[in-house]
Amino acid sequence: MLEAYPQNRFARIVLWSFAALVMAFLMLPTLVVVPLSFSASSLLEFPPHAYSLRWYENFFSSATWMAALRTSLILGTLTALIAVPFALLACISMNRLGGKTAASIQSVLLTPSVTPGILLAIGLFFVLAAQRLVGTLFGVLVGHVVLAVPVACIVLLPALARFDWNQVQAARSLGANWARAIGGIIVPQLRLSLLSATLMAFLTSLDESVISIFIASGRNSTMPKLMFLSLRDQIDPTIAAISTLWTAIVVVVVVIVALRQKS
Amino acid sequence: MKSLPITIDSVSKAYGSYVALDDVSLDIQAGEFLTLLGPSGSGKTTLLMALAGFVRPDSGKLLLGDRDITRLAPNKRDIGIVFQNYALFPHMNVLANVAYPLALRNTPRAEARQRALATLARVKLDGLAERNIAALSGGQRQRVALARAIVFEPRVMLMDEPLSALDKNLRETMQYEIRRLHDDLGITTIYVTHDQREALIMSDRIAVMNAGRIQQIDTPQRIYDRPSTRFVAEFMGEANIVAPGSVRRVDGAEASRETLMIRAESFHLDAKLAGADAVALEGMLRAKAFRGENWLLTLALDGGQEVLVCIPAALAGGCAELAAGQRMTAYAPAAKVHAIAGAMA
């Protein structure tokens, strides 16, 4: 975009300023909680008058928060472990079927990503209620997998479209069954896309609140659910400390993956 | 290595209204080198993929030896395949690519390594075992693909236009090498190409395909000299299809009343070279072109039909002096005049 205006200095300055403004607009709401979290006051005040780590201490010493953190990490991991292999197989079959059949499967698979979360949560609640699964970790997991599959598909479909299918046929002719052809030929070559898909599925689950609020019981609340509830009940800077930690975790994971993809 | 015969029995395959294979039957002998030759869309690759197990015929049977493989999974057929784009595994080095089929068969690691190295030596790739695929030239990739397809001693080898991505000189070298490899191993080979020269050079027999059907199956010489249809005649080289009545016999005998096929290079300008029972075509020289090893003359017969006459440069003393518009006669020996079925188009 910027290379299009190599001579025009004024246009370049305007473009850079505009880009910086957009960046600031996107980043500031996230960053503003960082100083809040180090405040010594028990009110959310900006800028803080004195600094302390008491809200972090508060978070780490709370059994409720720690349980929610554990639940969220377990859910995120399980979601990624289930959604990504499922999405990979679905994408392989769509890639092979092609045409209208593939297009209709794709539209069904991607529906959860365009359906309002609240509708999905209500629908899921009734389905799970009929199976007596409301309030279980399994119920929340089902919901998160449903949301993570389209995300993983969006990452994997273009990667498979670039993959040379003759390699799979070659492997098959050389004696590989389907499992070995997929595991030995496709997976190693798509490892970067699979890594991205895993990360996206993990983050989808980590970030999900609506389904968790509807389905998860008090015992297995997720972090986002507990954050919503605590905002409703009492506001203190613990929530800012958690948000800061949460953002830091996501940034660290994304940076690690980005660095691995480069190397 | 024990190779097996292949029987293709009335195999048909349609994609919607498009008929890719139309009741194809073919017997390939054990150890034979058979080429499927035809233009694109003639069904040759579909037939090869049916043998490999990637295309399921709508009807008909495929036998390997006396075993019905029509519905057998590709990984259970023990058929070595060389793909057009080689389909090497870029995440493995040369040795791992070649040892891959052995690893799938749970061959002990040391034995697999030794067999893979021996096969690499066989295709003249000694010393490249640890290379990455990306670091290989087109010809080297071709050899790796060959090695990978034969290392597990399959009973049949299928090759899908394996040389089409190589430049001309390399292609000719590889034609001889593939044929020699076939002779060494004695493995039944089915080779797909659209290059008629390649088919003539390499094959024991050629099956010429068009529009999902086998037009003719015969030895290269008979396919070239005695085509059974006009399509085969024209696909195999510069063929003149001459209407009945436009030729006369030099010895005065009555000329054939059939449609005749005469190859451009069968003609002589000197009646003595063509023999006493030659046929003669008279007409006007329309164009001439020097092509290095020969001259190509375009002769317009009195009926208006154009005939291509190809004279080897060594015998074409007078060709340079010929002028367009001049009347001339071309002679073809009787043995080189072949009646073909089917009327003039």
Side-chain angles (χ1 to χ4, degrees), chain A residues 84-85 87-89 91-105 155-198 257 259-263, chain B residues 15-16 45 48-55 69 72-92 96-107 112 116 133-134 141 144-162 165:
Chain A
V84 172
L88 176 65
L89 293 178
C91 290
I92 289 174
S93 61
M94 283 188 279
N95 181 277
R96 286 298 88 199
L97 284 167
K100 279 184 187 158
T101 327
S104 40
I105 294 175
V155 177
L156 293 176
L157 266 179
L160 263 171
R162 287 190 302 271
F163 182 77
D164 170 23
W165 191 256
N166 276 345
Q167 286 183 37
V168 174
Q169 294 198 328
R172 298 272 286 142
S173 75
L174 295 169
N177 58 26
W178 274 116
R180 296 195 74 163
I182 291 172
I185 305 300
I186 298 183
V187 169
Q189 292 187 59
L190 294 192
R191 62 186 183 282
L192 292 182
S193 300
L194 285 166
L195 197 65
S196 303
T198 306
V257 171
L259 286 179
R260 280 203 57 175
Q261 288 193 350
K262 249 187 183 167
S263 61
Chain B
Y15 297 98
T45 296
L48 201 76
M49 288 297 119
L51 283 166
F54 300 122
V55 166
I69 59 163
L72 194 66
N75 51 317
K76 293 180 178 153
R77 295 191 179 198
D78 260 333
I79 291 177
I81 304 176
V82 178
F83 288 84
Q84 188 167 8
N85 69 350
Y86 316 142
L88 300 176
F89 308 132
H91 60 300
M92 303 178 186
N97 263 277
V98 177
Y100 180 74
L102 301 176
L104 290 174
R105 286 164 177 74
N106 299 320
T107 312
I133 298 302
R141 288 177 199 205
V144 176
L146 263 174
R148 191 180 63 177
I150 60 174
V151 70
F152 63 105
E153 304 187 348
R155 291 162 299 180
V156 172
M157 180 146 72
L158 307 178
M159 309 181 89
D160 185 12
E161 309 217 14

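Letters go in sequence order (proteins before strands), and every chain restarts at 1.
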Heavy-atom pair with the smallest gap, counting every atom of A:C91 and A:L156: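 The answer is SG-CB, 3.9 Å.
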
Distance-only, no hydrogens or angles: does the [X] side chain make a donor-acceptor pair with backbone N or O of [Y] under 3.5 Å?
X: B:D160; Y: B:Q84; answer: no
X: A:R180; Y: A:A171; answer: no
X: A:R191; Y: A:P188; answer: yes

Contact origin within [X] toward chain A - heavy atom pairs under 4.5 Å:
X: B:L88; value: backbone
X: B:F152; value: side chain
X: B:R105; value: side chain
X: B:A103; value: backbone

Atom group of A:D164 that falls short of 4.5 Å from chain B, counting heavy atoms: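 Interface part for A:D164: side chain.
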
Plane angle bin for B:F83 and B:F54 - parallel if under 30°, tilted between 30 and 60°, otherwise perpendicular: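 Correct class here is tilted.
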
